[in-house]
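Please read the structure below before turning to the comments.
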Amino acid sequence: NAGVTQTPKFQVLKTGQSMTLQCAQDMNHNSMYWYRQDPGMGLRLIYYSASEGTTDKGEVPNGYNVSRLNKREFSLRLESAAPSQTSVYFCASRPYANYGYTFGSGTRLTVV
Amino acid sequence: DQQVKQNSPSLSVQEGRISILNCDYTNSMFDYFLWYKKYPAEGPTFLISISSIKDKNEDGRFTVFLNKSAKHLSLHIVPSQPGDSAVYFCAASGGSWGKLQFGAGTQVVVTP
């Protein structure tokens, strides 16, 4: 049982480049989330998908787009990377209400 | 505007002693609280939770206390073990499908 799988684990981008972070869960969870972790800031919500076919903005959505491809997959896209997007990105999923999230192991992104 | 605050960025405790981690929140609509543990290069893992209808929840060496009037919760780890050295995040949500909001984290170091 893999849980939540994120790819890639590491990435270095040049300013202005684009990339897509992939996330897949095999637990049949309804809701999926993208967070970023920065020193002293904790985890901040970028976008989420409450169920297949829906997506909504979180706390820090600027510069990002998402796609809920199907129930399993939720991708995060950076169209034009900026140094301020250097961070560790975590994908998470949740099966139902009032339940904790299961997190992936993260993608460490550096934008130079 | 961080609604979940962990004011102690770090905590050092001797093996076998009690670790007490604190968390304050400002949003009175929060009704579900969780603690996550995070090791380096891994995603956060769920530790323990409590709903607002309770004031205490225990799971083995871990106990979470909730003081709603003070908008404060704490995590007690007794006894502390070297494997408890990690970053601990407090999180809160409001409503059944509320999104989790996280504190900045507390780095715990358990010394021999």
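Proteins come first, then strands; the chains are lettered A, B, ... in the order of their sequence lines, and each starts at number 1.
The part of A:Q37 that comes within reach of chain B is its side chain, from C-beta onward, which places non-hydrogen atoms under 4.5 angstrom from that chain. Residue contact with chain A, scored on non-hydrogen atoms closer than 4.5 Å, is absent for B:Q6. For A:L45, the part lying under 4.5 angstrom from a heavy atom of chain B is the side chain only. Proximity to chain A (any heavy atom under 4.5 Å) is shown, for B:P9, by neither the backbone nor the side chain. Proximity to chain A (any heavy atom under 4.5 Å) is shown, for B:A91, by neither the backbone nor the side chain.
The two residues B:L34 and A:G100 come nearest to each other via the heavy atoms CD2-CA, 3.5 Å. When all heavy atoms of A:Y33 and B:K99 are compared, the closest pair comes out as CE2-CG, 4.3 Å.
Around the CE atom of A:M41, the shell of radius 6.0 Å holds no more than 12 heavy atoms that belong to other residues, nucleotides or ligands. Atom NZ of B:K5 sits in a sparse spot, with 12 or fewer heavy atoms from other residues, nucleotides or ligands closer than 6.0 Å. For A:R108, the CZ atom counts as loosely surrounded, since its 6.0 Å shell holds 12 or fewer non-hydrogen atoms of other residues, nucleotides or ligands.
For B:F89, the ring pair (Phe, Tyr, Trp, His ring centres under 6.0 Å) criterion is met by no residue, not counting sequence neighbours. Considering only residues two or more places apart in sequence or on other chains, A:S105 meets the side chain to side chain donor-acceptor pair (under 3.5 Å) condition with A:K9. A search for salt bridge (Lys or Arg N to Asp or Glu O under 4.0 Å) contacts involving A:E52 returns nothing, not counting sequence neighbours.
Under the 4.5 Å side-chain heavy-atom criterion for ILVMFWY residues, no single connected hydrophobic cluster contains both B:L21 and B:F65. In terms of hydrophobic clustering, with Ile, Leu, Val, Met, Phe, Trp and Tyr side chains grouped at heavy-atom distances under 4.5 Å, B:F102 and B:L11 are assigned to different clusters. When the side chains of ILVMFWY residues are joined at heavy-atom separations under 4.5 Å, either directly or via intervening members, A:V60 and A:Y48 end up in two distinct hydrophobic clusters. Note on B:I77 and B:V87: separate hydrophobic clusters, where clusters join Ile, Leu, Val, Met, Phe, Trp and Tyr whose side-chain heavy atoms are under 4.5 Å apart, directly or indirectly. Hydrophobic clustering places A:V88 together with A:L43 (ILVMFWY residues linked when any side-chain heavy atoms are closer than 4.5 Å, directly or through intermediates).
Rounding to the nearest 0.5 Å places CD of B:E42 at 9.5 Å from CZ of A:F90. Between atom CD of residue B:Q2 and atom CZ of residue A:R44 there is a gap of 8.5 Å, rounded to the nearest 0.5 Å.
Close approach to chain A, defined as a heavy atom under 4.5 Å from one of its heavy atoms, is seen in B:G103, B:A104 of residues 103-112 of chain B, taken by number.
The backbone N or O of B:L100 sits less than 3.5 Å from a side-chain atom of A:Y101, completing a donor-acceptor pair.
Contact annotation: the side chain of B:F46 never approaches that of A:F103 to less than 4.5 Å [non-hydrogen atoms, C-beta and beyond].
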